[in-house]
Enquirer: 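Please find one structure pasted underneath; my questions will follow.
If you're wondering where the values come from, they're calculated on a predicted model, not measured in any experiment. Chain identifiers are assigned alphabetically (A, B, ...) following the order of the sequence lines, protein sequences preceding nucleic acid strands; residue numbering begins at 1 within each chain.
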Amino acid sequence: MESVIVILSPLIAFLIIAFFGRKIGDLASAIICILGGALSFLFSTFISYQVLSSQNPIHIKLYNFLPLQNFTISFGLYFDTLSAITTTVVTFVSTLIFIYSVGYMHNLFGQWTYKFYAYLSLFLFAMLLILLSDNLLGIFFGWEGVGLASYLLIGYFHETKKAANASLEAFTLNRVGDWLFIFGIIYCFYLFGSIDLLDIFKGVNDVNKNLLGVAALLLFGGAVGKSGQLPLHTWLPNAMAGPTPVSALLHAATMVAAGVYLVARVYPVFDNAPESLKVVALVGGITALFAALSATAQTDIKKIIAFSTMSQLGLMYLALGIGDQVGAMFHLTTHAFFKALLFLAAGSVIHAFGHHVHDIFEVGNLKKYMPITYGMFMVGALALAGVFPLSGFWSKDRIIGSVYDVSFGFGVLASVVSLLTAYYIFREAFVMFHGKERHKDKAHESEGVMVVPMVVLAIMAVGSGFFEGWYSGLFGAHKEIHLNIAVMSVVIALVGIGIAYLVYVRGLVEPERAYESLKTLHTTFKEQFFTEKLYHKILANGYMLYSNLIYAAFEKQFIDKIVESTYRLSNGIGDFVKFLHTGKINHYMWTAYLGIAIFLIILIVMGG
Amino acid sequence: MQWMAFLIFSSLAILSGIGVVALPNPIYVIVALLSALICIAGIFFVSGAELVGALQLLIYAVAITVFYVFVLTAVPWEKALKKESHYKVEGLISFPFIVGLYLEIILVFIAGVTVSPQGQIKELVTKFGNTEVIGAILFSKYFLAFELVSLVLLVGMIGAVLIGRKEDQVYD
Amino acid sequence: MDFTLILPEIILFIGILLIFFLDLFLEEKSFKFNVFIGGLVPIAALISLFFISYPSTTLYNMVYVDGLNLLGKGVIYIISSIVIFSLYDYFEKKRSAFGELPYLVLTSTLGLSLLLSSNNLGMIFMSLELSSITIYILVGMLRRDYLSKEGAFKYLIMGSLATATFVLGTAFYYASTGTMFIKEYLQGNSLFMLSMFFLLSALALKISAVPFHMWTPDVYESAPTPIVSYLATVPKIVLYFLLAKLVFIFSYTKAWLVLVSVIALASMFYANFAAYAQTSFQRIWGYSSIAHAGYFLLALTVAKKDLINALLFYVIVYSFATVGVFTVMAALEKREGFTHHLLDYRGLYKDNPGMAVLLALFLFAFIGIPPMALFVGKLGILMGLVQSNLIPLAIAFVIASIISAGYYLKVIVYMFLEEGERKFTPAKASAGESIAILVSALAVILLGIFPNIVLSFLKW
Amino acid sequence: MEHLLSVAIFLPLLSALFVGIVRNEKFTKLLSIATASVVFIITLYLFLNFDWNIKDFQFVSKYTWIPQLGISYHIGVDGMALSLLLLTSFMFLVAFIWSLKIEDRPNLYYALFLGLFTACMGVFSALDFFLFYLFWEGMLIPMYFIIGFWGHDRKVYAANKFFVYTFFGSLFLLLGVASIIVYGYLVSGQISFDYMFHKNLSYPFWLQTLAFFLFGIGFAVKIPMWPVHTWLPDAHVEAPTAGSVILAAVLLKMGTYGFVRYSLPLFPEASKEYVYIIFVLSLIAIIYTAMMAIAQTHIKRLIAYSSISHMGLVTLGTFASNPDALNGAIFMMIGHGISSAALFMAAGFIYDRIHSYHMDDLGGLAKYIPNLAIFFMIAGLTSIGFPGLAGFVGEFLILLGTFKGFPVWAFIAGTGMILSAAYFLYMYKRVMFEEETISDYRREKWKKLKDIEKHHWVSFVLVTIASLLLGLYPFPFVKIMEQTAKYVLGG
Amino acid sequence: MISLEAYLVVSIILFGLGIFGMIVRRNLVTVLMSMELALNAVNILFIGADVHLNLANGQVFALFIIALAAAEAAVGLGIIIAIFRLRKVDSTDEITDMRG
């Protein structure tokens with residue numbers, strides 16, 4: 001029962017808000033939404049405790065969904081260590097962000113803002129469905145559900161063209177992933193005769209490795225779409241058009257991480273098809289580097305963090321790909337805390353300027369006006385950069401360590417990514433909070449309802465790293481820290497921070513001049529290696545152009561013309577015949593006689 | 001002898017027939033038609049169908065021709081002379097087909113006609129005479145058809161009167 | 001001599017004489033009365049049909065009666081009756097209230113009725129010509145109407161071509177078989193083939209098949225509309241009964257199939273295309289009837305009883321639908337200035353919803369939409385063609401039907417979906433016309449849902 | 001009980017007669033809705049009483065009708081037919097409620113719809129070819145007039161195109177029917193139009209081929225499959241809203257129903273032999289038509305093209321010779337019926353308020369008529385196969401089933417998921433979002449826009465509930481079709 | 001005895017001439033006369049057949065044809081007169097009000 005409440009409470013919250021939101025008002029809706037999240041968190045903590053203490057997964061069948069020929073798909077909930085803990089983390093972060101959003105969205109109250117909370121609740125429900133479903137189809141339900149929620153939330157300010165476009169892009173690209181995902185499910189069904197996770201885990205050893213690899217890659221396709229990995233990545237930066245809590249919740253802490261969770265969830269499948277893991281690692285590694293490079297050239301407050309998210313997710317995939325499932329999941333957890341924190345802090349800055357400021361170079365020296373935000377951001381940034389002893393250090397270090405264990409090349413790549421991470425996040429921090437005052441409007445510190453969640457998250461961001469050992473222990477995958485790598489990582493992080501400090505605080509190099517001299521490189525990074533242009537201008541516009549062309553030239557002028565021309569042809573023949581019918585009786589006779597003559601010929605040719 | 005008469009009558013009939021088709025003046029056409037009908041009646045006589053031949057002369061050559069003459073006077077035939085009496089183009093186009101029809105008939109002949117004579121009318125005719133025999137058939141077997149003929153003639157008469165009468169004589 | 005076998009014909013004949021004398025002795029005012037009596041006569045004949053015991057022959061085998069031709073007689077009596085009932089108002093409005101009308105129609109029916117019963121080409125010829133000449137007269141019966149005379153003349157000339165070819169065919173038949181009775185004759189003989197050919201041509205002309213069709217639209221356009229409803233139906237029913245007989249003696253020749261199918265195909269496609277260019281509703285019906293002649297001829301390509309049954313059913317229901325259509329048109333035409341130009345039909349639904357709906361019902365029946373009875377006919381012919389392995393013809397039939405839908409729909413569009421510019425006084429159907437329309441509409445629907453009413457008679 | 005099905009079929013026709021006699025607007029509307037409700041309840045009752053373990057047709061009634069031609073009044077349902085009957089009665093109920101506010105000739109409007117209702121119910125329950133064809137063609141006339149009378153600018157063109165095109169298809173169907181009946185006659189010496197009789201015959205391959213294509217043309221036009229689809233966009237664009245609803249939700253299903261009921265069980269070998277033709281056409285329908293859809297600026301035309309695209313998936317599933325795919329295809333018919341109906345209602349509502357279907361004239365409507373935006377979104381999500389709504393289950397089952405025998409085809413067909421999301425959301429964006437791009441004039445005008453009214457609410461809520469029910473608990477609906485699939489595929 | 005072929009040839013030639021006349025003649029009355037010729041031509045064939053078959057039915061038929069031709073001519077001429085009365089026209093190219 002408790003386990004059902006975990007997933008139902010956000011749903012109930014959603015329903016209440018959806019049906020009565022208009023009556024009960026925005027604040028009440030927000031509170032219901034928070035209650036839903038909180039309740040869910042409480043119960044999930046309880047369940048996690050149960051699961052962890054008893055070491056027995058809890059499996060609940062809900063109802064029969066769909067009968068197939070030899071199998072009945074039924075929905076159920078499955079709590080094991082992985083899902084229980086992830087659920088707890090997700091509900092925890094979500095609840096905090098819900099609370100934060102009350103402050104953030106406050107100035108929009110009265111303008112149907114209850115919708116926002118409905119969407120958030122819906123999102124949480126769908127997310128929990130992903131986490132807790134006991135079969136792949138259930139996961140897919142949640143998968144699409146979070147996609148929808150993300151679509152709605154990105155497009156929350158749908159009056160603007162930017163948000164509308166971003167939401168469209170997000171959903172469509174996600175659908176590409178979902179397309180692969182659903183065939184992954186179908187493939188699994190034919191491999192295992194079932195799509196229940198437990199059946200799959202049982203059967204992985206008995207099936208053909210190559211076929212399993214195909215299934216794994218199809219599933220991974222879904223993960224790629226959801227996590228904004230290459231090549232389905234362009235939606236993620238654009239998704240920052242949504243309100244900041246959304247960015248924090250969906251596009252940093254939870255939803256995008258669902259891809260990682262999925263791979264971890266069905267890890268046995270991947271594990272038994274090692275070739276597929278290489279693809280995972282490759283995609284993750286390249287995305288990590290790609291996104292980190294792109295992040296260095298961005299100037300949008302949230303986009304930098306978005307690219308950072310992409311990069312960190314890439315790192316997690318890299319970890320999954322080289323076999324460190326637990327490392328990836330742990331990084332997912334810590335990342336949820338500090339990235340949410342970063343977003344909330346960034347949101348705090350944006351909120352301070354009445355939602356008008358989006359570029360980091362529009363503001364400056366904010367530490368004077370927003371000391372708490374500054375602190376929070378710094379904590380988040382340090383955690384992200386992986387500075388000892390913040391949580392980022394522990395999780396990232398574990399990944400880098402594992403990577404070096406497997407492949408030196410990937411290890412170097414991970415190190416470079418760390419360096420870049422430290423650089424870009426501190427570039428943002430220093431530009432915004434130090435330096436000259438570039439903003440014209442007056443900035444102010446955010447109110448308590450926004451600060452408290454940040455503080456809580458900051459505490460988690462600082463402290464959660466120390467649970468690394470405990471976390472690994474839960475999964476039985478304890479890993480010693482390599483001191484040399486740890487030291488190296490910290491040094492790399494500090495170097496990155498140092499560079500940022502030297503450039504943006506000390507002004508050692510004039511940034512504008514640097515950009516000028518590295519213009520090509522800078523543009524390349526800023527344009528995400530022109531992938532966005534490629535997708536938008538060539539693929540999307542090309543598709544539209546091509547469609548319009550075919551519609552105008554083929555559908556209208558050919559297929560439909562054929563149909564219409566039959567009518568014209570009939571009329572034309574009719575006119576001709578009409579012309580033959582002169583009205584002279586002699587002509588009538590003549591025609592009849594002609595007929596007789598021709599028929600006589602037929603008669604003679606045919607014989608008796 | 002029979003052949004000679006047949007040939008003479010038939011060639012005259014055909015000649016008159018050509019006249020019917022070719023002559024421009026309607027009055028001459030009537031004369032040609034009359035001549036053709038008389039020649040055909042001659043063929044009938046030659047073939048021993050005296051009754052039909054006689055009726056042909058009576059009904060056709062006299063009654064119907066008078067009809068035509070009557071109508072031609074009602075419809076001033078001089079008017080017709082002011083115009084071309086034939087459609088030349090149609091004639092030219094259709095002539096090959098007419099010839100074709102003839103050729104085809106000949107072809108049919110080459111293919112062969114097999115008719116098995118089976119009746120005994122000749123004997124009856126020699127016994128009772130042609131008219132009696134026809135009369136016997138007409139009033140036994142074809143009695144109903146004969147009644148229909150009378151009805152046809154009646155209807156034809158009524159129709160001619162109905163349609164041809166002067167319309168302003170009828171009150172509205 | 002068993003004269004009961006020709007009881008209905010005798011009744012008709014007595015009726016004709018009765019009306020003839022009534023017309024002579026009564027004043028012009030009796031026109032309606034004459035028509036009324038004239039309408040009753042076929043009904044009396046219809047009733048007399050039930051007293052005939054069949055099958056049997058009489059009058060030196062010149063007249064025979066079986067179930068099939070009784071069915072044909074019944075149908076033509078019904079149609080003659082409703083046509084006669086429907087014609088008085090039209091002719092009065094057209095100021096052509098000839099007292100001769102009812103008995104002329106009856107005379108034609110009498111001829112056709114005998115035609116149904118006769119097996120002898122001489123009888124057939126005379127009865128056919130009796131009906132033809134009567135119809136030539138009826139076509140020209142509109143007073144002071146030049147078009148009516150033009151139509152009559154054209155029909156007469158073309159009809160006389162049919163007469164000439166028919167007698168030529170008969171002559172060949174007689175020459176080759178030595179008899180004028182229609183019976184099986186299997187000796188391959190070129191004269192016999194020619195007789196087949198000329199008889200077919202003559203009948204094709206009468207049923208207005210391409211290329212002998214040219215008179216049809218003109219006559220349909222010019223003749224008095226109730227007369228069109230007569231000449232488009234009753235002679236055709238009878239001629240198809242005759243053709244159904246002939247097909248059994250002629251169809252063993254190789255050329256029959258080819259000839260009939262060529263005529264049928266030419267009729268279907270020529271007429272269906274030609275109808276597209278027409279602006280006069282009457283001419284559209286002319287072409288429609290040519291197209292239907294094509295459909296019917298398809299069923300005569302081979303001697304199959306199922307096919308013939310389907311054909312006869314189709315012809316019967318087609319006739320009812322045609323009578324319905326022309327009666328509606330007659331009722332519309334009575335209005336001042338109405339010309340049957342398609343533009344005159346615009347907005348008909350607004351002015352006369354009842355008429356428009358009925359007309360649409362018949363139009364849809366012609367397109368071949370169930371549950372209207374013409375659909376069953378189409379289905380039967382299709383099945384018969386498939387059964388005879390004539391699938392190409394079946395496909396041609398289907399395609400022609402599709403083409404035909406276009407121009408029927410055009411009329412429906414004009415009636416229902418467009419606004420009329422000219423305003424006419426509302427059309428009022430006379431009592432007789434109402435009867436005719438209702439009977440035919442009922443027949444079209446009822447026979448569509450319960451075709452067994454007719455099918456149970458089609459037993460041989 | 002025995003005659004319940006017949007009652008459900010002919011009750012609407014009876015009501016239509018009453019409507020014609022009484023000619024009272026209020027009475028008409030009330031009677032129509034009452035009729036639809038009763039029929040819906042009857043079908044629901046049948047649905048609940050349906051025994052899904054029995055392979056045979058249920059609720060059968062059979063009476064001799066035209067013995068000379070072997071025609072009988074034979075009706076009965078299996079799971080598939082019953083589901084479609086449920087859909088039909090439900091959709092008519094929704095359409096009737098939706099049209100409550102119609103002012104132009106309401107009596108005629110409802111009478112025609114009631115006639116259409118009978119025809120649709122009949123098509124799905126007839127077990128006699130003649131009866132089937134009767135209903136199949138019977139739906140032509142009411143629909144023709146619905147488009148012709150209450151359509152928009154080019155209504156005449158669209159109505160004629162619809163009529164002639166469909167007639168074209170159905171005559172080929174008729175020829176196909178004729179050929180199998182004749183074959184049955186030649187083989188058994190007994191002429192019979194009965195479905196069961198023909199089900200028990202097995203045709204030689206040449207006949208199967210012939211009949212398969214003849215039937216196929218008839219059904220393909222109705223579905224419609226590429227390339228005989230061009231009537232559908234025109235018909236939808238011009239039809240009144242309720243007409244579009246019925247056309248999309250019910251009429252299109254007749255084609256696929258025909259495939260499942262007739263083509264597959266009667267011509268099994270031909271269906272296997274020529275499966276690739278169907279597949280190629282289906283894939284073209286899915287992808288090509290999706291491209292056509294995104295190229296539209298007219299909302300209804302877009303939805304019409306999306307219908308074609310979805311029906312392509314249905315045909316794919318139908319011919320995949322896999323029970324799951326077949327179940328999916330049937331389920332998708334229902335799902336698509338619901339979604340397209342809702343979409344057309346939304347489009348129709350927009351037209352009612354703004355008098356334009358063109359996306360260039362629209363934009364930012366979510367701000368002005370938010371309730372519609374919500375329902376529009378739900379309808380769209382159903383259409384694009386969003387899990388939890390009715391569209392997904394069918395799509396999933398089709399892909400799942402097709403994947404077994406034809407993995408590559410299924411995989412390519414799956415791109416329909418992406419493309420449909422793209423065109424629907426692109427349309428939604430242009431209609432509902434981007435308020436900042438519209439002119440101030442419109443902004444002023446649209447401030448006064450009235451959001452959906454009570455009867456709209458009811459219709460939308462009904463459709464949404466149906467969509468959710470089917471999407472979240474499809475179990476009974478799929479289960480009931482299980483025997484059908486086995487029966488159809490000869491298992 | 002004259003052979004059937006001879007009758008046939010004469011008959012068909014006259015028949016063809018009659019038809020040809022109907023095609024080429026312009027005047028209404030002459031068209032009708034050509035028709036008479038065609039009808040009468042067939043009589044020859046009947047008589048020939050009679051001779052050949054040794055029967056008399058053909059003669060009966062020939063009588064019918066003669067009577068019919070008379071009736072037809074009567075009606076036809078009546079119509080011609082009516083047309084002339086109404087329009088003052090007497091040639092076929094002038095009675096083409098209905099065409100197409």
Enquirer: Kindly check if the number of other-residue, nucleotide or ligand heavy atoms within 6.0 Å of OH (Tyr68(B)) is above 12?
Expert: yes
Enquirer: Check each atom of Ser11(E) against the heavy atoms of chain B and say whether the ones under 4.5 Å are side chain, backbone, both or neither.
Expert: neither
Enquirer: Would you call the rings of Phe46(E) and Phe61(E) parallel, tilted or perpendicular, where under 30° means parallel and over 60° means perpendicular?
Expert: parallel
Enquirer: Tell me the closest heavy-atom pair linking Val71(B) and Ile81(E), and the distance in Å.
Expert: CG2-CD1, 4.0 Å
Enquirer: Can you tell which part of Phe84(E) gets under 4.5 Å to a heavy atom of chain B, answering side chain, backbone, both or neither?
Expert: side chain
Enquirer: Pick from Val152(B), Leu37(B), Leu7(B), Ile40(B): which one has the most heavy-atom pairs with chain E under 4.5 Å?
Expert: Ile40(B)
Enquirer: What heavy-atom pair brings Ser94(B) and Ile23(E) nearest, and what distance separates the two atoms?
Expert: OG-CG2, 3.7 Å
Enquirer: Let me know if Ile30(B) has heavy atoms under 4.5 Å from chain E in its side chain, its backbone, both or neither.
Expert: both
Enquirer: Could you check whether Arg25(E) makes a cation-pi contact with Tyr87(B), meaning its NZ or CZ is under 6.0 Å from the centre of the six-membered ring and within 45° of the ring axis?
Expert: no
Enquirer: So for Leu32(E), is it side chain, backbone, both, or neither that comes closer than 4.5 Å to the heavy atoms of chain B?
Expert: both
Enquirer: Less than 4.5 Å to any heavy atom of chain B: does that hold for the side chain of Ala69(E), its backbone, both, or neither?
Expert: both
Enquirer: Identify which part of Val89(B) has an atom lying under 4.5 Å from any heavy atom of chain E, answering side chain, backbone, both or neither.
Expert: neither
Enquirer: Go through the atoms of Ile14(B) and report whether side chain, backbone, both or neither lie under 4.5 Å from a heavy atom of chain E.
Expert: both
Enquirer: Determine the sole option in Val10(E), Ile12(E), Ile13(E) for which the side-chain contact (heavy atoms from CB on, under 4.5 Å) test with Ile44(E) is passed.
Expert: Val10(E)
Enquirer: Which residue out of Tyr142(B), Tyr60(B), Phe67(B) racks up the most heavy-atom pairs below 4.5 Å with chain E?
Expert: Tyr60(B)
Enquirer: Looking only at heavy atoms and a cut-off of under 4.5 Å, which of Ala41(E), Ala70(E), Ala62(E), Gly58(E) has the most pairs with chain B?
Expert: Ala70(E)
Enquirer: Is it the backbone or the side chain of Ala13(B) that comes under 4.5 Å from a heavy atom of chain E, or both, or neither?
Expert: both
Enquirer: Ring centroids only, cut at 6.0 angstrom: are Phe6(B) and Tyr7(E) within range, meaning strictly under it?
Expert: yes
Enquirer: Identify whether the distance between the nearest side-chain nitrogen and carboxylate oxygen of Arg26(E) and Asp90(E) falls below 4.0 Å.
Expert: no
Enquirer: Need one label for Ala22(B): side chain, backbone, both or neither, based on atoms under 4.5 Å from any heavy atom in chain E.
Expert: backbone
Enquirer: Measure distances from Glu36(E) to the heavy atoms of chain B and classify the residue's part below 4.5 Å as side chain, backbone, both or neither.
Expert: both
Enquirer: Exactly one of Leu28(E), Val31(E), Val75(E), Asn27(E) should register a side-chain contact (heavy atoms from CB on, under 4.5 Å) with Ile80(E). Which one does?
Expert: Leu28(E)
Enquirer: Val21(B) and side-chain contact (heavy atoms from CB on, under 4.5 Å): which partner among Thr30(E), Ile19(E), Val24(E)?
Expert: Val24(E)
Enquirer: Please identify, among Asn40(E), Val60(E), Ile47(E), Ile66(E), the residue contributing the most non-hydrogen atom pairs under 4.5 Å to chain B.
Expert: Asn40(E)
Enquirer: Could you tell me which of Glu90(B), Gln2(B), Lys88(B) has the largest number of non-hydrogen atom pairs under 4.5 Å with chain E?
Expert: Gln2(B)
Enquirer: Most heavy-atom pairs under 4.5 angstrom with chain B, which of Glu72(E), Lys88(E), Glu94(E)?
Expert: Glu94(E)
Enquirer: Where does Asp93(E) contact chain B at under 4.5 Å (heavy atoms): side chain, backbone, both or neither?
Expert: both
Enquirer: So does Phe45(B) have more than 12 non-hydrogen atoms from other groups sitting under 6.0 Å from CZ?
Expert: yes
